[in-house]
There are 2 protein chains.
Amino acid sequence: MHLTLHTDYAMRLLMFLGLNPERRCTIEEIAQHYRVSRNHLMKVALTLTQTGFVDSLRGRNGGLKLGKPPAGIGIGAVVRATEDNLDLVECFDAKTNTCPVAPACLLKQPFAEAVHAFLAVLDRYTLADMLANPKILNSMRRLLDLRE
Amino acid sequence: MHLTLHTDYAMRLLMFLGLNPERRCTIEEIAQHYRVSRNHLMKVALTLTQTGFVDSLRGRNGGLKLGKPPAGIGIGAVVRATEDNLDLVECFDAKTNTCPVAPACLLKQPFAEAVHAFLAVLDRYTLADMLANPKILNSMRRLLDLRE
DNA sequence: AATAAGATGCATATTAAATACTGATTATTT
DNA sequence: AAATAATCAGTATTTAATATGCATCTTATT
């Protein structure tokens with residue numbers, strides 16, 4: 001059980017923007033900072049833009065900034081937006097299910113409840129919580145300096 | 001985010017054994033019942049045998065039966081045994097992590113907590129709960145009859 | 001001895017995810 | 001107006017994880 005890199009990158013991107021609130025950051029620079037595929041990050045940025053977590057501006061001097069204040073960006077909401085398949089087991093999706101016992105099976109309930117609990121925990125945290133530690137800002141700055 | 005078929009099949013296998021407590025069932029017949037790969041199910045059976053959830057006997061008249069009473073088989077424990085990679089994000093595993101911010105990042109904590117909550121819910125259920133609905137027995141019997 | 005079952009290891013196929021590529025669109029600067 | 005720098009969009013390719021298949025070995029019963 002794991003989340004996709006899509007979600008992982010989404011969180012990193014949001015953290016980067018949260019640590020640089022005074023300006024627009026380009027996808028290019030964020031990708032370089034994390035040493036991550038620029039193309040993939042671009043799709044992540046698109047998802048986040050379409051869901052309103054990020055505000056994008058095209059053209060020269062364009063780039064990304066947060067679409068909401070960090071305290072308004074819930075981790076659970078981001079995961080729900082970026083992780084498109086939260087169906088834990090085959091039988092969660094009637095379309096693809098092949099298990100003949102599914103209609104009478106009692107397994108779905110606890111799994112659904114477990115996913116709910118999982119997201120409920122993430123809903124208690126926001127991007128602001130992720131930025132609370134001053135060490136992270138220093139660490140990111142240092143890494144940026146090293147690279148340049 | 002999803003569990004592997006390995007876990008899915010493990011639960012189905014345990015339910016089948018739980019519904020047929022009076023005899024040993026062969027992997028072959030369970031695979032046929034769910035219309036599932038016999039080879040894959042065999043590996044699932046091995047995992048469950050090695051972790052004690054299932055008791056296996058080789059040779060003629062051999063087969064599988066539950067290794068413990070249904071009320072002693074927790075869903076959370078089964079998931080932990082069959083799902084080998086519960087590392088939600090890359091940085092959970094220091095060996096494979098590539099994110100340069102990981103040491104200072106605050107993201108790990110909420111995700112770890114969320115997985116914990118997820119498993120805690122499953123720990124509240126046992127195989128006995130899954131077998132509580134008489135409809136499932138009927139449904140399985142009917143499907144078995146149809147097939148033969 | 002023959003047979004029927006699980007155990008084991010290796011090989012292959014399938015699928016989802018990640019990445020790369022190409023071109024289009026938009027805005028700014030000169 | 002032209003050049004440039006950025007995001008947006010769609011498609012194709014690569015890669016890795018998962019699932020499946022196959023061959024052989026071991027064990028127990030008849």
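In what follows, chains carry the letters A, B, and so on, assigned in the order in which the sequence lines appear, proteins first and then strands, with residues in each chain numbered from 1.
- When the P atom of C:dA18 is taken as reference, atom CG of A:N85 falls 12 Å away, rounded to whole Å.
- In this structure a side-chain-to-backbone donor-acceptor pair under 3.5 Å is present from A:E83 to A:T4.
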For residues 97-110 of chain B, dump all side-chain donor-acceptor pairs below 3.5 Å to protein atoms at least two apart in sequence or in another chain.
unit_1 : atom_1 : unit_2 : atom_2 : d
B:N97  : OD1    : B:C99  : N      : 3.1
B:N97  : ND2    : B:C99  : O      : 3.4
B:T98  : OG1    : B:E90  : OE1    : 3.2
B:T98  : OG1    : B:E90  : OE2    : 2.9

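- Running 5' to 3' along DNA chain D, contacts with non-hydrogen atoms of chain B at under 4.0 Å begin and end at D:dA19 to D:dT30.
- Across residues 37-49 of chain A, A:S37, A:N39, A:H40, A:K43 each have a non-hydrogen atom less than 4.0 Å from an atom of DNA chain C (numbered order).
- Under the 3.5 Å distance criterion, the side-chain polar atoms of A:T7 are left unmatched by any main-chain donor or acceptor of A:L3.
- Aromatic ring pairs are classed by plane angle as parallel below 30°, tilted from 30° to 60° and perpendicular above 60°; the pair B:H40 and B:H6 is tilted.
- Of the possible donor and acceptor atoms, none in the side chain of A:N20 sits under 3.5 Å from a partner among the backbone N and O of A:L17.
- Evaluation of atom-type donor-acceptor distances gives a pair under 3.5 Å for the side chain of A:R58 against the base of C:dT25.
- Applying the side-chain contact (heavy atoms from CB on, under 4.5 Å) rule to A:A10 yields the partners A:V44, A:L48, A:V78, A:T82; only residues at least two apart in sequence or on another chain are considered.
- When rounded to the nearest whole Å, the span between CG of B:N61 and P of C:dA5 equals 8 Å.
- The CG-C1' distance, from A:D8 to C:dA18, rounds to 13 Å in whole Å.
- For the side chain to side chain donor-acceptor pair (under 3.5 Å) test, residues two or more places apart in sequence or in another chain that qualify with A:D8 are A:R12.
- One atom, CG of A:L5, and another, P of C:dA20, lie 12 Å apart when rounded to the nearest Å.
- Residue order along DNA chain C, read from the 5' end via each residue's closest nucleotide, puts B:S56 first among B:S56 and A:G59.
- With the nearest nucleotide of DNA chain D identified for both A:E28 and A:H2, A:E28 has the one nearer the 5' end.
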Scan the side chains in residues 53-73 of chain A for donor-acceptor partners under 3.5 Å anywhere in the protein, sequence neighbours excluded, and list what turns up.
unit_1 : atom_1 : unit_2 : atom_2 : d
A:D55  : OD2    : A:R24  : NH1    : 3.3
A:D55  : OD2    : A:R24  : NH2    : 2.8

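- The residues B:R35 and B:E29 are annotated as not salt-bridged, no charged nitrogen and carboxylate oxygen being separated by less than 4.0 angstrom.
- Phosphate proximity of C:dT19 to A:Y9: present, with a side-chain N or O under 4.0 Å from OP1 or OP2.
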